[in-house]
Amino acid sequence: ILINDILDLTKVEAGKLELVAVDFDVRQVMEDAIDSAASRSLAKGLEICSYMNPETRTMVNGDPDRLRQILLNLLSNAIKFTKEGQVYMLIEEEEE
């Protein structure tokens with residue numbers, strides 16, 4: 001993951017990062033990110049909690065791989081800097 005992050009950062013700085021726009025399920029991407037971070041969390045004795053309002057629309061259009069990468073980076077940092085307790089992920093739909 002670190003190598004991909006570095007390569008992506010290089011692409012961003014060069015203005016060559018290409019985003020895709022596909023329909024995907026935000027809840028599934030969130031769950032995938034949590035599943036990927038779960039072992040690190042458990043190793044530190046931390047619990048990962050997540051919440052997404054059931055009324056929030058989950059099908060969106062965007063780049064699911066970039067969102068997954070962002071969520072994983074946020075979770076990794078939260079796990080790294082949390083000494084005890086929980087890491088909580090909340091996904092809300094922004095009101096227009």
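Hydrogens, waters and symmetry mates play no part in the numbers below; they use all other heavy atoms, side chains included.
- Closest of all the heavy-atom pairs between F24 and D63 is CE2-N, 3.9 Å.
- The closest side-chain heavy-atom distance from L75 to V87 is below 4.5 Å.
- The minimum heavy-atom distance between R68 and A33, with the atom names listed, is O-CB, 4.4 Å.
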(message) Please determine whether side chain to side chain contact (heavy atoms under 4.5 Å, CB included) holds for the pair I91 and V26, giving the CA-CA distance in whole Å, both sets of side-chain angles, and the decisive distance to 0.1 Å.
(response) CA-CA 9 Å; I91 295 186; V26 172; 4.1 Å; yes
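- Put simply, CG on N53 and CG on L90 are 9.5 Å apart, with the number rounded to the nearest 0.5 Å.
- Atom-to-atom distance recorded for M30:CE and T58:OG1 is 10.0 Å, nearest 0.5 angstrom.
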(request) Could you go through the side-chain hydrogen bond (donor to acceptor under 3.5 Å, both in side chains) check for Q28 and D32 one step at a time? (result) CA-CA 6 Å; Q28 185 61 53; D32 291 348; 2.8 Å; yes
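- Distance check, rounded to the nearest 0.5 Å: CD1 of I70 to CG of D65 gives 11.0 Å.
- Follow the hydrophobic side-chain contacts under 4.5 Å out from V60 and you reach L67 in the same cluster.
- Side-chain atoms of S41 do not come within 3.5 Å of backbone N or O of A37 as any donor-acceptor pair.
- A pairwise comparison of heavy atoms in K80 and K44 identifies O-NZ, 3.3 Å as the closest pair.
- Note: the hydrophobic cluster containing M89 also contains I79 (ILVMFWY, side chain heavy atoms under 4.5 Å, direct or indirect links).
- At least one side-chain heavy atom of V29 sits less than 4.5 Å from a side-chain heavy atom of L71.
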